[in-house]
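First up is the structure itself, then whatever we jot down about it.
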Amino acid sequence: MSEPKNYTLLVVTENNIGLLNHISIVFTRRKQNILSLTASESKIKGIYTFTIVVKAVKDLVTKIARQIEKIIGVHKVFVYTDEEIVYQEIALYKMSRNFKNNGFNLEKIIREQHARILSIEEDYILIEKTGHKDETEELLRILEPHGLLQFIRSGRVAIAKPMKPLEEHLQELDNQYNY
Amino acid sequence: MEVQTLLKTSKHTAVKLSGAEAVIKTLINEGVEKIFGYPGGAIMPIYDAIYDYLDVVTHYLPRHEQGAIHAAEAYAKISGKTGVVFATSGPGATNLITGLANAMVDSTPLVCITGQVSSQLLGYDAFQETDVVGVSMPVTKWNYQVTSADEIMEVISKAFYIASTGRPGPVLIDITKDAQMSKTDYLYQKVSRVAAYYPYPKIEDEQVKKAAILINQAQRPLILAGQGVKLSRAEELLVKLSEKANIPVAATLWGLTAFPSSHSNYVGMLGMHGNYAPNILTNEADLIIAIGMRFDDRVTGKTSEYAKSAKIIHIEIDKSEIDKIIRTDVAVVGDAREVLSKLIPLVENKQHEHWLEQFKELRKTECDQVIREAINPQTPGLKMAEIIHRISEKTKGEAVVIADVGQHQMMTARYFKFKYHNHFITSGGLGTMGFGLPASFGASVASPDKPVVLFVGDGGFQMTIQELATIANNRANVKIVVLNNNFLGMVRQWQQLFNQKRYSFTTMQNPDFTKIAGAYGLKANKLLKRENIDEILNEMFANDEPYFLEVEIEKEENVFPMVPPNESVSNMLLKADY
Ligand SMILES: Cc1ncc(C[n+]2csc(CCOP(=O)(O)OP(=O)(O)O)c2C)c(N)n1
């Protein structure tokens, strides 16, 4: 039996009401927690992609993927390991403007961390950083003791390394079935 | 074309129709003739609309929505059409859930139409508002809420397409009251394609070739036939395959009648209470050819010890079933009939006499140790198997048979000799007690020319007993046989075998069932003694009227053989070692 690890599911769907509910039922039935979930329209109008991260053994993830594919409105589910995709998450940090200044150089940190300032307001500064979880986590650890007011991180978005475009996948799918 | 003629002959010449009337017209365009339903506030416009179409469609009123849906399930199975159910919002709709779950797991095509509160009340906890789409999502193949009359034609046609294609299943369409009442232009077009729904996989010839190679190499192949064989109407091809390569065929509960039980290659039923030979020899086979079945745990027993010396070929239309429970060596995804027609020419003529002989020997063991005594008991008390056997002999396979859930169900599956496709209906995957009585009514609607025989326990009978009224009102030719052991027999059997006879809440104090049936207007009788069997069965089948028979059977009879729960199929017991 393989060890549980992170898998990213790219679920290609129609824009149907209730799909999210239906997809999440597949996970809850097997008592699996979704680590992160993002949905957006793809480059093809009307076709959406859910990016779902789950930590589980491969066999289970494969079965989950097949059950999701069975849902009417789902075209295809791609399952990837972290190595097979480029992925990013975006994190926002809200810092109090009167942070404790003893040796703390915010500008330098932002530069070193490849973060950027989104806006500077009267009483707070909004910082953004994009990266993997461990990277946004690192900045969180640095800012935390110096007056961090709020922190939020998005779900993962991912792009698969293999080159085939989505249209081609959909065309292939079409060829695999009769109507 | 069809639309045109319908519009012309319509009593309402206007093309603008109410949503409710559009529902009825679309159903008629989809070929619906029978509807099972129960009215209520939120579906009243539809009930008002159907009133004008009763010369084209027949509506049956069971006494509970669960009764309606189980009747529709049996109707669908026997007629091969999609069953149609109406229910109102809230409690009407939630009463359908058991039936939806049952139809989902047994792959039965249904279109259920539920009324819903008006769209402006949605989400406000209005009177009889339930989130039916949310509640039914895990137990439907597809569901959808209609909030505008303009959607009705396409959505209902889509519902029929989805319910009946690929692996069939139940669909629920929830229609708000305002959508039923507002006007729409009636424009019907049959849906024959749905985005992101792929019901018919093209068969990969490579996989068929690989399967043929395994079959040609096999010394001890065994075919497991499931319901998929029947759903794709592949029965004749299955006989061809079995005869050409001389392969024994075993059937799942829902696969019964997929292969003629009189055929010399038929080796019996699989599963916990199936036949001895196919269970024991599953673990001797070197090749399992599973066709249109899903390796239910009641079939496999302990999966880690299932068919260990065999390679597995799995022919299945639902891709998500592949490798779900048993790892396959060759998977052929596709419709069973299509796959078999491609496979048979690649399969060589073979003889497996010695292998088939092994089945015959074990069959004999089962006969000697179980079957002979079961159908011809030497003890005074009446036994389930003997009643079932006698009715089987009496009807010669010409009756449609329904079994509820429990010991009598397994006995029916074991001892009734089925002759025709789709002449046995039961609740398989869900094991829904209470399925039987309403199902027997639905079966009779689908098959008015044949008697329907229902075998039901005293427990399950009381779960949907109100449907006696439906059977009586419609004078349905249903012969109800209650095998009364005053126990929840199947549970009691487990308590006896695995809980040291601690009979916790499995005894039943029952009323006089014949009085109840009589009060509903059914001819009713009680069978107490063996010498009266013939006479009573003659009376039962003397005419086409419904008949109620209560049989007082031995209280603590057990179903054997049995694969104990979570044990390997090869550990099947012929009797208990009390
Ligand atoms: C709705 C429902 N509730 C409970 C069960 C669990 N169950 C399975 S068999 C059985 C006993 C059935 O008793 P009866 O109807 O008298 O039939 P018998 O087994 O005695 O033939 C029970 C309670 C079930 N299958 N369905």
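Small disclaimer: the values here were computed from a predicted structure and weren't measured. All values below were derived from every heavy atom in this structure, side-chain atoms included, with hydrogens, water molecules and symmetry-related copies excluded.
Residue contact with chain B, scored on non-hydrogen atoms closer than 4.5 Å, is absent for A:Ile17. Proximity to chain A (any heavy atom under 4.5 Å) is restricted, for B:Ile162, to the side chain, taken from C-beta onward. For a residue to count as touching a neighbouring chain, one of its non-hydrogen atoms must lie under 4.5 Å from one of that chain's; by this rule A:Ile72 touches chain B with backbone and side chain alike.
Within a 6.0 Å radius of CG in A:Asp134, other residues, nucleotides and ligands contribute more than 12 heavy atoms. Applying the 6.0 Å contact sphere to CD1 of A:Ile159 captures no more than 12 heavy atoms from other residues, nucleotides or ligands. Within 6.0 Å of the NZ atom in A:Lys164, the count of heavy atoms belonging to other residues, nucleotides or ligands exceeds 12. At most 12 heavy atoms of other shown residues, nucleotides or ligands fall within 6.0 angstrom of atom NZ in A:Lys133. Atom CD of B:Glu204 is surrounded by 12 or fewer heavy atoms from other residues, nucleotides or ligands within 6.0 Å. For A:Lys45, the NZ atom sits in a loose shell: 12 or fewer heavy atoms of surrounding residues, nucleotides or ligands are nearer than 6.0 Å. Counting heavy-atom neighbours within 6.0 Å of A:Glu107 CD, excluding the residue itself, gives a total of 12 or less. Within 6.0 Å of NE2 on A:His114 lie no more than 12 heavy atoms contributed by other residues, nucleotides or ligands.
With a 4.5 Å cut-off on side-chain heavy atoms, B:Arg167 and A:Lys70 count as touching. In this structure, the side chains of B:Tyr198 and A:Glu69 stay at 4.5 Å or more apart for every pair of heavy atoms.
Contact tally against chain B (heavy-atom pairs below 4.5 Å) for A:His22, A:Arg29, A:Glu14, A:Lys76: the top residue is A:His22. Put simply, of A:Thr13, A:Asn21, A:Val12, the one with the most heavy-atom pairs under 4.5 Å next to chain B is A:Asn21. Your options are A:Ile71, A:Asn16, A:Asn175, A:Leu170, and the one with the most heavy-atom pairs under 4.5 Å with chain B is A:Asn175.
Using a distance-only test at 3.5 Å, with no hydrogens or angles considered, no donor-acceptor pair links the side chain of A:Arg66 to the main chain of B:Asp318.
For the atom pair A:Lys63 NZ and B:Glu321 CD, the distance stands at 11.0 Å (nearest 0.5 Å). For the atom pair NZ of B:Lys202 and CG of A:Asp174, the computed distance is 8.0 Å after rounding to the nearest 0.5 Å.
Between B:Asp323 and A:Lys58 there is no salt bridge, since none of the side-chain N atoms of the basic residue sits less than 4.0 Å from a carboxylate O of the acidic one.
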